[in-house]
Amino acid sequence: MQVKIVITTIAFMLTMIIFGYASLREPARMETFTNAFEGRQIEWGGTLFHGNCATCHGEHGKAEVCYDAEHNQIGCAGRALNTAELLCEVNGKTPRMEAMGWLGTKEAFIQGTIATGRPWAGMPTWGSDFGGSLEPYEVRYVAAYVMNWETEEMCSEPPPPPPEWPASVADLPAGNAEAGEALYNVTYGCAACHGDPAVTDSNAVGPWAGSFQNLDEVRVAGYSAADYVYESILLPSEYISPECPTGPCAGPPSAMPDNFPLRMSFQEMSDIMAFLSLDTTATSGAEVVYPPAP
């Protein structure tokens with residue numbers, strides 16, 4: 001009997017040691033499991049992003065180079081996502097959250113944008129709860145993939161100084177309409193929103209480019225057509241056209257991408273102006289200040 005008691009005591013002690021060791025290892029095990037699961041979410045989100053979102057936002061979310069289903073280069077119609085403006089928080093908010101007056105978390109902001117879309121700006125509704133093709137868990141995966149682009153370097157280093165654009169379109173170099181056609185239709189994807197300047201009402205989102213030459217409706221007092229388009233490219237939220245193809249234009253902020261002045265050269269700006277038959281030689285006295293004052 002005494003031997004049985006000793007054996008039982010030893011077995012109990014060994015069991016407690018094993019449980020104790022397992023409990024000490026549990027936090028590390030759970031962390032490893034959680035990291036592995038989050039990694040799989042990001043991986044699945046990447047697959048969904050490249051299959052659905054990269055056409056507008058670019059392969060790496062920078063809205064610089066986009067391709068269609070046949071891998072032909074097209075203009076990026078969407079805004080850059082791989083950027084501090086969306087991902088880096090100051091006092092709990094990113095600049096885009098501030099601009100939209102968002103009171104929730106960054107994760108909820110990104111998930112909500114994916115799920116509901118921006119139909120007035122040409123972004124489809126993706127969440128199945130709103131009639132889209134992605135299930136709620138898939139929306140979470142895409143959001144996790146986008147948020148994974150945030151790095152310490154991105155959020156700690158000051159952004160490079162923006163280029164100082166001429167205050168007047170008259171200071172731009174002479175434009176080349178042929179080069180501007182490729183820039184308008186492919187490189188910067190202007191046609192996706194503003195249509196073919198030669199085809200009436202071919203615009204899908206923003207004002208029709210064919211109307212830019214004769215702006216009889218009120219835009220900005222003292223601005224020529226070239227001034228107006230120039231400012232619209234550099235500062236898309238400065239003045240938002242009152243009428244879009246689907247009704248009143250939404251904003252501010254404008255649905256138009258705001259990274260063109262960071263991507264475009266002075267010559268490219270002139271070439272696009274030339275393609276749109278806008279006269280940049282006449283001086284109206286208008287001044288467009290970019291970068292804008294803080």
Side-chain angles (χ1 to χ4, degrees), residues 26-156 189 192 205 250 253 255 257-259:
E26 184 63 11
R29 189 188 72 81
M30 286 302 298
E31 183 179 2
T32 300
F33 176 82
T34 300
N35 290 341
F37 180 66
E38 289 178 351
R40 288 194 294 273
Q41 284 186 312
I42 292 169
E43 183 179 351
W44 294 331
T47 299
L48 290 166
F49 181 91
H50 289 285
N52 298 283
C53 315
T55 301
C56 289
H57 297 287
E59 294 294 315
H60 303 289
K62 293 182 179 293
E64 293 176 344
V65 179
C66 296
Y67 300 94
D68 63 15
E70 285 73 41
H71 208 68
N72 299 310
Q73 185 177 346
I74 58 175
C76 298
R79 301 181 70 179
L81 306 177
N82 189 349
T83 172
E85 184 186 23
L86 175 67
L87 300 174
C88 297
E89 298 176 64
V90 177
N91 298 324
K93 293 187 181 297
T94 70
R96 287 198 191 168
M97 292 167 64
E98 287 278 7
M100 296 296 292
W102 185 263
L103 301 178
T105 65
K106 177 174 66 177
E107 183 177 20
F109 175 70
I110 295 174
Q111 288 182 8
T113 302
I114 296 168
T116 61
R118 295 282 189 267
W120 61 89
M123 178 178 174
T125 294
W126 289 104
S128 60
D129 290 342
F130 303 93
S133 60
L134 298 182
E135 296 298 328
Y137 71 90
E138 292 178 308
V139 170
R140 292 196 301 271
Y141 293 168
V142 175
Y145 178 70
V146 170
M147 292 176 66
N148 187 58
W149 281 323
E150 180 185 344
T151 64
E152 183 177 345
E153 181 181 10
M154 173 191 288
C155 298
S156 62
V205 179
D258 56 4
N259 65 349

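Note that the CZ atom of R140 and the CD atom of E138 stand 10.0 Å from one another [nearest 0.5 Å]. Interatomic distance, E89 CD to T105 OG1, rounded to the nearest 0.5 Å: 8.0 Å.
Closest of all the heavy-atom pairs between L48 and V142 is CB-CG2, 3.6 Å. The nearest pair of heavy atoms linking A115 to T125 is O-CG2, 3.1 Å. Across all non-hydrogen atoms, the minimal contact from A84 to P95 is O-CD, 4.0 Å. When all heavy atoms of G58 and C66 are compared, the closest pair comes out as N-SG, 3.3 Å.
Take E150 and apply the side-chain hydrogen bond (donor to acceptor under 3.5 Å, both in side chains) test, not counting sequence neighbours, and it matches K106. Applying the salt bridge (Lys or Arg N to Asp or Glu O under 4.0 Å) criterion to R79, with sequence neighbours excluded, gives E85, D258. Under the rule for a ring pair (Phe, Tyr, Trp, His ring centres under 6.0 Å), the partners of H50 that lie at least two apart in sequence or sit in another chain are Y145.
Side-chain contact between K62 and N259 is absent, with no heavy-atom pair separated by less than 4.5 Å. At a threshold of 4.5 Å between non-hydrogen side-chain atoms, the residues E38 and N148 do not count as touching. Between T151 and L87 the shortest side-chain heavy-atom distance does not fall below 4.5 Å. For the pair M154 and N82, the minimum side-chain heavy-atom distance is below 4.5 Å.
In this pair, Y137 and Y141 present their aromatic rings perpendicular. The plane angle is above 60°, beyond the 30 to 60° band.
For the side-chain contact (heavy atoms from CB on, under 4.5 Å) with F49, the lone residue among I42, L81, I114 that qualifies is L81.
Side chain of S128 to backbone of S133: no donor-acceptor contact under 3.5 angstrom is found.
Disulfide check for C76/C56 fails, with the SG atoms at least 2.5 Å apart. With 2.5 angstrom as the limit on SG-SG distance, C155 and C88 come in below it.
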side-chain contact (heavy atoms from CB on, under 4.5 Å) for V139 and D129? Distances and angles first, verdict last.
CA-CA 11 Å; V139 170; D129 290 342; over 6 Å; no

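By the neighbour-count criterion of 12 heavy atoms within 6.0 Å, atom CD of Q73 is densely surrounded, having more than that number from other residues, nucleotides or ligands.
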